[in-house]
Amino acid sequence: MSVVQEREYDYVEGAAAGAVRGVPPVIAPGHTFETVNDKISGVILTKRTPIGWFLGFAIAFAFLMLLNLTIGKLLMEGIGIWGNNVPVGWAFDIINFVWWIGIGHAGTLISAILLLFRQQWRTSINRFAEAMTLFAVACAAMFPLLHTGRPWLAAYWLFPYPNTMGLWPQFRSPLIWDVFAVSTYGTVSALFWFTGLVPDMATLRDRAQSKAGRIIFGMLSLGWRGSARHWQRYEMAYLLLAGISTPLVLSVHTIVSFDFAVSVLPGWHATIFPPYFVAGAIYSGFAMVLTLAVPLRKFYGLEDFITMRHIHNMTKVMLVTGMIVAYGYANEAFFAWYSANPYEGYMMLNRMTGPYAPFYWSLIAINAAMIQLFWFRKVRNNIPLLFVLSLLVNVGMWLERFIIIVTSLHRDFLPSSWDMYAPTRWDFAMFAGTIGLFLSLFFLFIRFLPALAMFEMRTIVPEAKLQPEHHG
Amino acid sequence: MADMTHTPPADIDLYRSRALKIGGVGLLACAIGFVVDRDHFFRSWLIAYLLFLAIALGSMGLMMIQHLSGGAWGVFRRIFEASSRTLPLLAVLFLPVVLGMHSLYPWTHPDHVAEDEILRHKAAYLNVGFFLVRALIYFAGWILITWTLTKWSRQQDEGDMSVNIRLQYLSGGGLVFYTFAATFAAIDWIMSINPHWYSTLFGFLFVGGHGLAALAFTIIVSTYLAQHEPMSGVLKPHHFQDLGKLSLAFVMLWAYFNFSQYLLVYAANLVEEVPYFIARTSHGWQYVALLLVVFHFAVPFFLLLSRDNKRNPYRLVWIAVALLVMRYIDLFMLVTPEFASTGENLHLLTGEHASSLFVHWTDLAAPLAIGGVWSWMFLTQLAQRPVMAVSDPYLREALESSGGH
């Protein structure tokens, strides 16, 4: 009896904070409300922009111009400038679409699901992860839209005008569901992001030195005064938006997976696709958050706010979701055999030994083998290594989409129509261009908006925990 | 905390002996079923067996997730442990399935395999020897994981904190093993009843069912424990709310998996896949399907959205009981439409056959038998240890957090 009591005492002292297990804190010790505000708003309200920012932005912007050039060329000449051919009618356009949409999912998961689960560690990464979601959705939407060749006519296929012709829009096709899924996703993400920004806009308005700053941030803060009523309504709105966003984490990539899985193509038609795509999306999204967080915390000295705790947790999420993806690969391979369906069997054989086999094995090496490194605390503590691994995960998830899409199409049911697919320079230009768009937006975001949620960070400093009857 | 000894409630022995009596009656009925209606007995036994296996394996999974994630649900750890420590009994209760292989699984008939090209292809996997070896591997792995984790958990009670990190490592590896083993077990024990059919999502469906069954069971046991010292001072409405929320998540997951599977198979309409759903949406089975949609998803979904229903254990417990019943009906629906009302596996009959809705009296006897004996084993395990893992590193958090912020 006394033994139990004694041990409980120990735990009151140390373990509740996780000290026994060596878990780092969500914010480095020593911070107050003031230091949090200074540190985060200082990045925006300064007159001096670091030279590194200009350098990075210039490179990103150059790629954005390449995107404009590519789009111009595409609209002038048509999608013939891409490598798509007859058996491979879908290629870089949908690969990159799925890749970008997947990346966005981490932002939604962090902002919505982790909020509902009361996970404190989301606080310092949610803002820029949400921004990442928006920018990724913008990049993603570009591909299917431009694949229509004449996007200004796309309304004809996509918008739900009365379906009197019985042909377009085709509500039985998941492609049209995609339009609704992605546009809902983009809208809700934008609302969620902006709602979260409002109290911080007010802080920036109050701290801004320049008149322009006061006016712009003043408008964006929507008259926020920080009264109890404002906060009460804000909390309500934020929770509601979190509730609305939560199903979107699952639904968007589920519908993306339906684009493939409702077909009868071997390698596409698999019932496991919905959960497997969702897991892959979160996996690649967290890799991208890590890819962005590592340089961000380094160059802006945010190590106190984005701590090892965040890095560890993100790595663990990648390990779990990556293992689900690896399970998907094993599952596909087993069922290709177990189904006793010769087409399924050939599809898997073609992936493993066909002309695109090096890509298949690279993706297995990354998404099934390499992620096992994340089991080790040593790896999770090694930030340069994690940065490289997170980039590799992005590559691996891109290869996964390439393999799924191209290997199933290029050798279909009729051997006489088999062909190889190779992307053209314009395919690459457009892909690189969207990366340029993404990074340009991200550079502008970290320069002009608070990349970390100041008011939420203020809730996790020790000062916020002081309560009247707090025992000594 | 009211009582530091954390001894289980005194009336647990009463429930143990009642469970054993019910189990005894059920076993007797099953013995009669074995003699008079062997095919039906084996089918019913398999279904009931899968339900209680789901509770045990789901508890094992939740226990491992709790070790990895920490958090407020450490107060339920002893329930997960006692429930997963029934696995050796479940390994014994698997023997009737082995005995009944011939009537359950068409691929065990060499003459049938010989004239079926697909089954000849699958014979490398679907053969009696390998089936038994695999079952042995699953049970050995699951029991080994459970025994080691619960042993270390006991050492943690006694103050040995060095086990904490080991608990985490084994839980990580254990979850990987559990998921893969459960996937193959689902193929072996359920999917291969219809040996031509396949669905890559099936493993997830099986594992998701484990989670839901284990959570519902945990709610029931927690409600019982919360009425007695010492847990009456520990279990607060927010603990039940957490269990309710997780149940809601698993109810939605169940609907999500099933809807995805149904939509994809329906839309593709392939001859090798769609018969599975045709069988389950015709000849009376469509009513069971509708029952599942309404009472396995819609009704519990709306009931569990309510905060009041989740925080009040006396309401939540009825939702949990209903969910366990629905789990049973769901498993019934996975298995039974592949059998004729005479009890034979449809795929062994020559010519065109369809199953019409039927229920046999063994479908009542088998859950009583397995449920009774299993509950006795569970309560025995629960009584052997303090009902709370007193050294859980997150215990303070678990006892304090109000869950409201």
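Note that the coordinates shown come from a computational prediction; the quantities given were computed from them, not determined experimentally. In what follows, every chain begins at residue 1, and chains take the letters A, B, ... in the order their sequences are listed.
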Heavy-atom proximity to chain A below 4.5 Å, by part of [X]:
X	answer
B:Tyr266	neither
B:Glu272	side chain
B:Phe257	side chain
B:Leu175	neither
B:Leu126	side chain
B:Glu117	neither

Exercise. How would you list, in number order, the residues of residues 242-259 of chain A that have a heavy atom less than 4.5 Å from chain B?
Worked result: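 Residues in range: A:Leu250, A:Thr254, A:Phe258.
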Return the [atom1] to [atom2] distance between [X] and [Y], rounded to the nearest 0.5 Å.
X	Y	atom1	atom2	answer
A:Asn331	B:Phe180	CG	CZ	8.5 Å
B:Thr200	A:Glu344	OG1	CD	8.5 Å
A:Thr271	B:Leu201	OG1	CG	5.0 Å

Problem set entry | Contact check, side chains of A:Pro274 and B:Phe259, non-hydrogen atoms, under 4.5 Å |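 Sidechains of B:Phe259 and A:Pro274: no contact.
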Exercise. Would you say B:Thr183 and A:Phe334 make side-chain contact, with heavy atoms under 4.5 Å?
Worked result: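 They are not in side-chain contact.
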Exercise. With respect to chain B, which residue among A:Val264, A:Val320, A:Ile324, A:Leu319 yields the maximal number of heavy-atom pairs within a distance under 4.5 Å?
Worked result: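 The answer is A:Val264.
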Exercise. Who wins among A:Ala261, A:Pro275, A:Gly328 for the most heavy-atom pairs under 4.5 Å with chain B?
Worked result: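 Looking at each of A:Ala261, A:Pro275, A:Gly328 in turn, A:Pro275 comes out on top.
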Shortest non-hydrogen contact from [X] toward [Y]:
X	Y	value
B:Leu264	A:His269	O-CE1, 3.2 Å
A:Trp337	B:Ala124	CZ2-CB, 4.0 Å
A:Trp375	B:Tyr169	O-CE2, 4.3 Å
B:Lys122	A:Tyr338	CE-O, 2.6 Å
B:Val176	A:Met323	CG2-CE, 3.6 Å

Problem set entry | Among B:Asn269, B:Val265, B:Leu205, B:Ile187, residue most engaged with chain A (heavy-atom pairs, under 4.5 Å) |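 Highest number of heavy-atom pairs under 4.5 Å: B:Ile187.
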Exercise. Around A:Tyr234, counting heavy atoms of other residues, nucleotides and ligands shown, do more than 12 lie under 6.0 Å from its OH?
Worked result: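 Counting other residues, nucleotides and ligands, OH of A:Tyr234 exceeds 12 neighbours.
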Exercise. So does B:Phe301 have more than 12 non-hydrogen atoms from other groups sitting under 6.0 Å from CZ?
Worked result: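 Counting other residues, nucleotides and ligands, CZ of B:Phe301 exceeds 12 neighbours.
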Problem set entry | Sub-6.0 Å ring centroid separation between B:Phe204 and A:Tyr276 |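 No.
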